[in-house]
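Position 1 is the first residue of the sequence; numbering continues from there.
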Amino acid sequence: MQQVNVKFNSVEQIRKFVDIIDKFDSSFDLGSGHRVVDAKSILGVMGLDLTGPVPLRYDSRNEEIAEKIAPFVC
């Protein structure tokens, strides 16, 4: 399991992020505590408090994932 913190500055960034990770077969969870959503769900992501960094967990060691999500990692 990999974990990084991601940050979004606009709805357009959220849309691009979801489009990128949706291409991978891995499972992606975004959030912490009682509020964890499927990161492939744009509505789920938009329902989170995105005013600060949010933990992203995914179950792959595929280096391509890390490269593709790098613009969102803080």
Side-chain angles (χ1 to χ4, degrees):
M1 182 73 62
Q2 305 293 316
Q3 180 169 330
V4 295
N5 288 327
V6 293
K7 175 105 171 87
F8 306 105
N9 296 319
S10 67
V11 172
E12 182 64 20
Q13 278 191 332
I14 295 170
R15 188 192 60 76
K16 286 180 184 178
F17 175 79
V18 171
D19 286 346
I20 288 168
I21 65 170
D22 195 44
K23 293 178 175 79
F24 295 98
D25 285 335
S26 301
S27 171
F28 294 84
D29 293 323
L30 192 64
S32 63
H34 295 290
R35 190 77 171 122
V36 177
V37 299
D38 178 0
K40 293 182 178 183
S41 165
I42 194 162
L43 291 176
V45 174
M46 292 180 72
L48 294 173
D49 177 6
L50 301 173
T51 57
V54 182
L56 171 70
R57 287 176 298 285
Y58 57 98
D59 64 355
S60 177
R61 295 200 180 275
N62 184 340
E63 292 297 322
E64 186 180 2
I65 293 173
E67 292 171 15
K68 296 287 187 180
I69 66 170
F72 309 99
V73 175
C74 57

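When hydrophobic clusters are built by joining Ile, Leu, Val, Met, Phe, Trp and Tyr residues whose side-chain heavy atoms come closer than 4.5 Å, directly or via intermediates, Ile42 is not grouped with Val36.
Under the salt bridge (Lys or Arg N to Asp or Glu O under 4.0 Å) criterion, the residue pairs touching residues 5-18 are Glu12-Arg15, Arg15-Asp19, with sequence neighbours excluded. Sequence neighbours left out, the pairs with a member in residues 47-57 that pass side chain to side chain donor-acceptor pair (under 3.5 Å) are Asp49-Thr51. Screening residues 34-46 for salt bridge (Lys or Arg N to Asp or Glu O under 4.0 Å), with sequence neighbours left out, gives no hits. Identified under the side chain to side chain donor-acceptor pair (under 3.5 Å) test for residues 64-74, with sequence neighbours left out: none.
Between Phe72 and Phe17, the ring-plane angle classifies as perpendicular under the 30° and 60° cut-offs.
Residues forming a side-chain contact (heavy atoms from CB on, under 4.5 Å) with Gln2 (at least two apart in sequence, or on another chain): Tyr58, Arg61. Applying the side-chain contact (heavy atoms from CB on, under 4.5 Å) test to Pro71 and every residue at least two apart in sequence or in another chain returns nothing.
At least one side-chain heavy atom of Ile69 sits under 4.5 Å from a side-chain heavy atom of Leu56. Looking only at side-chain heavy atoms (C-beta outward), Leu50 and Asn9 stay at 4.5 Å or farther from each other.
Contact record, Ala39 with Ile21: O-CD1, 3.3 Å, taken as the closest heavy-atom pair. The minimum heavy-atom distance linking Pro53 with Asn5 is given by the pair CB-CB, 4.1 Å. Leu30 approaches Val6 most closely through the heavy-atom pair CD1-CG2, 3.6 Å.
With Phe28 as reference, Ile65 is the one residue of Val18, Ile65, Asp59, Val45 to meet the side-chain contact (heavy atoms from CB on, under 4.5 Å) rule.
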Query raised in the report: Could you go step by step and tell me if Asp29 and Val37 meet the side chain to side chain contact (heavy atoms under 4.5 Å, CB included) rule?
Result: CA-CA 6 Å; Asp29 293 323; Val37 299; over 6 Å; no
